[in-house]
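For reference, the structure is listed below as structure tokens.
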Amino acid sequence: MWCSMFFHLLVFWAGRVESAKILMSGVLGEGSHFTALVPIGRSLVQQGHSVTFLISEEYSYRARDPELSRLFEFEIFHYNDETLNANEFFRGFAQIGVEGSNGFIQLLQTYSIGRRVQVDMCESVLEDKAMMSRLATMDAIVFELPWPCSIFIKSYIERHLNAADVRMVLSSATAPVSTMFLMAGSPFNPAYQPASYTSYSSSMTFFQRMINSAYSLVLTSIMEFIMRNAYKQTVEKFDLHPNMASLSGSHEYIDLFLTNCDFATEFPFPLMPNVIAVGGLTARAAMPLEPELEDFMQSSGDHGVVVFSMGSYFASFTTHRQDLMKMILEALSRMPQKVVMQIKDPTLYSLPENVKAMPWISQNDLLGHPKTKAFLFHAGNNGYLEALYHGVPMVVIPIFGDHIDVTVRILSRGLGLMISKDNISADYLQHQLQEVLANSSYDATAKRLSAIFRDRPLGPADRAAFWIQHVIKHGGNYMRSPAHDLSFIQYHLIDIGLFMLLMTCLAFYVPFLFLGRCFSHTSESQSKCKSD
Ligand SMILES: *[C@@H]1O[C@H](CO)[C@@H](O)[C@H](O)[C@H]1NC(C)=O
Ligand SMILES: *[C@@H]1O[C@H](CO)[C@@H](O)[C@H](O)[C@H]1NC(C)=O
């Protein structure tokens, strides 16, 4: 028996990829883009690889986190400019999110404040020669689109430090991004695929399809323009590959694309083999709560608990919008349920009896608790997929970017209700929460879709880790979409369409031409007759 166990162990070890060195870069080390990469990193470490996270010095506390520091190495980059501040950057875009309208204009506004942070910080990374020579030993880089510096790191270490063929994996923590599918050469059909930030579902009217088609083109062109211009000087200054600062050239250097969605709730659409759906990265079986919190959960009796959170990027909502928070607290105080809230500074409010507020909550564990009946949140993609995993119905207040996309999915699948941030009132919030809690169809739908979501051969993080190892071994070139070899006109069959139209016209026109000749002959002869 020992012999056979030993043999199996041997086979198990021999079947694995040699230990690879993988760099992960999830937007400076803050928020959902970072937390979505951690489970992938954990799975890779468990399979014998070494994973290093690149983070900014403002989030260096990550490197001191007991769990993270046990699993990962950290590279922390510094910048000398006092005025350059990632914290400010995130606060700025949270403010735009809370004050402004939703959608694309919002993104353009954040671009103007984000550009300096993105480009200048990236240059700080590239200027750190000691760090760059350590990064030159990496086999693969996994990165998030909102901080594309990793692309330039690859270019730098390949051009200047003799690194060979570093594999690139682009991961997107957000709801499906049309631009990413176009980068991957994966089909994006605006007839039934809603573009990001449009608030459309897969079933669109004529007018919506027109907007959706135009919008997805414009969105990609603008992203391309921004990328090219923002990093133009960086590319020159560090002598980087000129094609790297473009989205349309990305197929030449990105091997694999990971998208944080799952077809349990996603509107169905086709994917190229180089795009893998890994929705629900941060969702996992719930761990036991602290005894004090567990007692609070149990004290809710049959009514159960509502969980409230505005996520990490928008945590400042709970301090800056005290007017809205007071309204939310007012509505919650009228509910028979108990409420667990994540509020950055709970001392700012006089909390109702039934509310427990904390600066940080273990969201996934709370959502997995049997007493939890509903989730009130900002419609962030990670929270959405955690609630889906645990089968919890939702009420959402979308704030920014992809929140509106997540909201559309929640509404059209019957998983919950929304409240517009411009239209919050205590009465309306109470009404929406009561509806979701009292009408059993939301809970039943959540449980049904949760069962579908969990019924997969590999969990999302392990699936992502599997494919990362796969492209480290084989590269992603064999999966590269042939769409990249076609022009816009060829891809959309515009040339064929025009040719067929021409042939059809000719097919009608030629016989018509003959008939026309005959007619004109007869009329000519007639007129001749008359004049005669
Ligand atoms: C705004 O709130 C009212 C209730 O206060 C609700 O009836 C109405 O549908 C809401 N409007 C929108 C656009 O959400
Ligand atoms: C419960 O919600 C579903 C889905 O929104 C709706 O179709 C149904 O009419 C509701 N039932 C009641 C009793 O309100």
Side-chain angles (χ1 to χ4, degrees), residues 96-106 175 194 197-205 207-208 211-212 264-268 302-308 310 314 317 321-337 339 352 367 372-380 383-385 387-453:
I96 289 172
V98 175
E99 310 294 340
S101 58
N102 278 322
F104 185 61
I105 300 298
Q106 221 182 30
Y197 328 122
T198 50
S199 81
Y200 298 154
S201 74
S202 60
S203 127
M204 288 171 264
T205 62
F207 188 64
Q208 288 175 332
I211 304 253
N212 196 48
T265 53
E266 186 51 50
F267 308 121
D302 288 341
H303 288 300
V305 174
V306 175
V307 176
F308 170 92
M310 294 304 275
F314 301 97
F317 176 91
R321 290 308 300 268
Q322 295 190 17
D323 52 332
L324 295 184
M325 282 304 293
K326 283 184 181 142
M327 229 180 261
I328 292 173
L329 283 165
E330 162 76 26
L332 292 171
S333 73
R334 300 182 201 156
M335 311 288 297
Q337 281 74 25
V339 183
L367 291 173
T372 300
K373 298 288 184 235
F375 185 27
L376 174 62
F377 73 122
H378 63 302
Y384 160 56
L385 292 165
L388 176 68
Y389 180 88
H390 296 293
V392 177
M394 305 162 228
V395 175
V396 296
I397 311 170
I399 301 280
F400 183 86
D402 71 329
H403 300 169
I404 197 71
D405 303 322
V406 170
T407 301
V408 169
R409 282 151 181 85
I410 291 170
L411 298 184
S412 39
R413 295 302 188 211
L415 283 164
L417 295 173
M418 76 167 278
I419 299 164
S420 153
K421 70 186 175 193
D422 313 315
N423 192 27
I424 301 184
S425 69
D427 289 341
Y428 191 40
L429 177 56
Q430 185 190 2
H431 172 270
Q432 299 294 74
L433 269 170
Q434 265 169 355
E435 171 67 14
V436 164
L437 289 162
N439 181 337
S440 61
S441 97
Y442 296 103
D443 188 59
T445 305
K447 298 283 185 292
R448 181 172 59 82
L449 295 177
S450 165
I452 297 176
F453 183 40

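Residue numbers start at 1 and run along the sequence shown. In what follows, every heavy atom counts, from backbone to side chain, and hydrogens, waters and symmetry copies are set aside. Counting starts at 1 for both ligands and their atoms, following the listed order.
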Next item on the list: For residues Tyr442 and Pro393, report the shortest heavy-atom separation together with the two atoms involved.
Entry: CB-CB, 3.8 Å
Checklist line | Per-atom contacts, ligand 2 versus Ser441 - under 4.0 Å to a heavy atom | finding: 1 (C), 2 (O), 3 (C), 4 (C)
Notebook entry, point to check: According to the interplanar angle, ranging from 0 to 90°, do the rings of Tyr428 and His431 count as parallel (below 30°), tilted (30 to 60°) or perpendicular (above 60°)?
Noted result: parallel
Checklist line | Side-chain heavy atoms of Val307 within contact of Val392, under 4.5 Å | finding: no
Note to self: So that I can tick it off, tell me whether Arg334 and Glu330 are bridged by a salt bridge, with the cut-off set at under 4.0 angstrom between side-chain N and carboxylate O.
What the structure shows: yes
Check: Nearest protein heavy atom to atom 13 (C) of ligand 2: under 4.0 Å?
Finding: no
Check: Mind checking whether Ser420 has an N or O less than 3.5 Å away from an N or O of ligand 1?
Finding: no
Next item on the list: Determine, counting only non-hydrogen atoms of the protein, whether one lies under 4.0 angstrom from atom 2 (O) of ligand 2.
Entry: yes
Next item on the list: Identify the protein heavy atom lying closest to atom 7 (O) of ligand 1, giving its residue, its atom name and the separation to 0.1 Å.
Entry: Tyr428 CE1, 4.3 Å
Check: Who gets closest to atom 6 (C) of ligand 2 by heavy atom: Leu417, Thr445, Asn439?
Finding: Asn439
Note to self: Between Gln430 and Met335 (side chain of the first, backbone of the second, donor and acceptor by atom type, cut-off under 3.5 Å), is there such a pair?
What the structure shows: no
Note to self: Looking only at protein heavy atoms, which one is nearest to atom 5 (O) of ligand 2, and what is the separation?
What the structure shows: Tyr442 OH, 3.1 Å
Next item on the list: Can you establish whether the number of heavy atoms outside Asp302 located under 6.0 Å from its atom CG is more than 12?
Entry: no
Margin query: Closer than 4.0 Å to some heavy atom of Asn423 - which atoms of ligand 1 meet that?
Written below: 1 (C), 2 (O), 3 (C), 8 (C), 10 (C), 11 (N), 12 (C), 14 (O)
